[in-house]
Amino acid sequence: MNEIATDGYRGILEGLSKECRLRSIPLAGTDADQEKGRSRLVDLCSNDYLGLAARESEFREAFMHSCPDAAFTSSASRLLSSAQRYHLMLEKALEHLYGKRALLFNSGYHANTGCISALAIPSTLFICDKLVHASIIDGLRIGNADFLRFPHNDLGKLRIMLEKNAGKYARIVVVTESIFSMDGDLAPLRGLTMLKEEFPNMILYVDEAHAFGVRGERGMGMAEELGLTDKIDIIIGTFGKAAASSGAFVATTELLADYFINTSRSFIFSTALPPVCCAWTLFMLQNILLMQPERERLLDTSRRLREALGLPCGEEVESQIIPYVTGDAERAVALAARLREEGYLVLPIRRPTVPPGGERLRISLNAGVDYNSLTRLIEIIGNEK
Ligand SMILES: Cc1ncc(COP(=O)(O)O)c(C=O)c1O
């Protein structure tokens, strides 16, 4: 390729490198780690919160026997494919669990970009928590939506914004995550559902990507744990994290599900998930329903680690995601490297994933982690302070 055409891109990479923000694909478990005897790293960076992905070989045979006919491709989008059996079975199972219509998407990214952009018709205002995921922001951009952002978890400020705008728009969509992906704290879901009673044209949209499988008696997220499923209008769940699979779903009303089928571009214009993937998700879902002991253990390990690291504790912050903010990228990268030498795989999180000054290690626990295996990590981070 002509260099003159690509100079601008090289410049951007060089700039990222100077700021210690150049990303690369991590090589955990590859030859480099094995050479250094680091083949048994404690994995604190994946979203395999229930440890199901790590146990895949246990399930493989039973799974293959249970659905030998599941195809490896759909060969078309949902609106065209003839291979829908497992998609429909998975949707039915979710509908039964949520008491809402369920619609599958190819990923959480597709679900958020597709649903948010479709909701953005004239006279719609979105008010989003300041820290919502990039896929939600991208949905707003694709839909050319009118939107405002409220300070993180600040119900008071949100109410003021609603008071100012409720009369000016036909509908206001309030968007949040139930467990925030980078901070691991929890949205005030009860308060948000109460605001709906004050503002009848408010629609509540909650992304449960990090709570699906992990919270609630059957793993159906914070909505289930707090008994709020019927008060939340649109729930997004993803299968690439605790469910050890791939894909996502929206659980919502009959009307909105039909509306998304007809208007959500990421649903309409993308090849559907492979049937084998839906069959696997369904198989994992059956396990998830029974994993309450693992959910309790995970939360207990999270609480103990937070306490040991001297981080704030309490219901509103306790989840399996534990941020250790270093405040600059260099420190985050150095600390992650130090931990890796000691056998812990923790990744540094930098801009633009977090705002400047919010650079951190994101410790992501899973049910397979024994608290006693974290002793050295607690010491190393303790010495860093
Ligand atoms: C809150 C949130 N929503 C959506 C997504 C996207 O989900 P997926 O990985 O299935 O595309 C993520 C993924 O990191 C996320 O953290």
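Start at 1 and go down the list; that is how both ligands and their atoms are numbered.
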Going by chain and number, the hydrophobic cluster around Val354 (ILVMFWY, side chain to side chain under 4.5 Å) further includes Met182, Ile349
For ligand 1, is there an atom lying under 4.0 Å from some heavy atom of Ser135? yes
Which of these, Ile179, Asp207, Ile321, has its nearest heavy atom closest to atom 4 (C) of ligand 1? Asp207
What atoms in ligand 1 come closer than 4.0 Å to a heavy atom of Tyr109? 6 (C), 7 (O), 8 (P), 11 (O)
Within a reach of under 6.0 Å around CD of Gln286, are more than 12 heavy atoms found that belong to other residues, nucleotides or ligands? yes
Tell me the protein heavy atom at minimum distance from atom 5 (C) of ligand 1, and give that distance in Å. His133 CE1, 3.5 Å
Proximal ligand 1 atoms for Gly108, defined as those under 4.0 Å from one of its heavy atoms: 6 (C), 7 (O), 8 (P), 10 (O), 11 (O)
Would you call the rings of Phe212 and Phe249 parallel, tilted or perpendicular if under 30° counts as parallel and over 60° as perpendicular? perpendicular
Which of the atoms of ligand 1 are close to Asn112, meaning less than 4.0 Å from one of its heavy atoms? 3 (N), 4 (C)
Under a 4.0 Å heavy-atom limit, does Ala209 contact ligand 1 with its side chain, its backbone, both, or neither? side chain
For the pair Asp129 and Phe180, evaluate side chain to side chain contact (heavy atoms under 4.5 Å, CB included) and give the outcome as yes or no after the intermediate values. CA-CA 10 Å; Asp129 186 285; Phe180 281 84; 3.6 Å; yes
Just to confirm my output: which protein heavy-atom neighbour is closest to atom 9 (O) of ligand 1, and how far is it? Lys241 NZ, 3.9 Å
Asp69: partners by side-chain contact (heavy atoms from CB on, under 4.5 Å), with sequence neighbours left out: Cys67, Arg85, Tyr86
To which protein heavy atom is atom 16 (O) of ligand 1 closest, and what is the distance rounded to 0.1 Å? His210 NE2, 2.6 Å
Please state whether His110 comes within less than 4.0 angstrom of ligand 1, counting heavy atoms only. no
Looking at ligand 1, does any of its N/O atoms fall within less than 3.5 Å of an N/O of Thr238? no
Is it true that, when you exclude Leu290 itself, more than 12 heavy atoms of the residues, nucleotides or ligands shown sit nearer than 6.0 Å to its CG? yes
Between Arg295 (side chain) and Gly213 (backbone), is there a donor-acceptor pair under 3.5 Å? yes
Crowding at CD, Glu95 (>12 non-hydrogen neighbours, <6.0 Å): yes
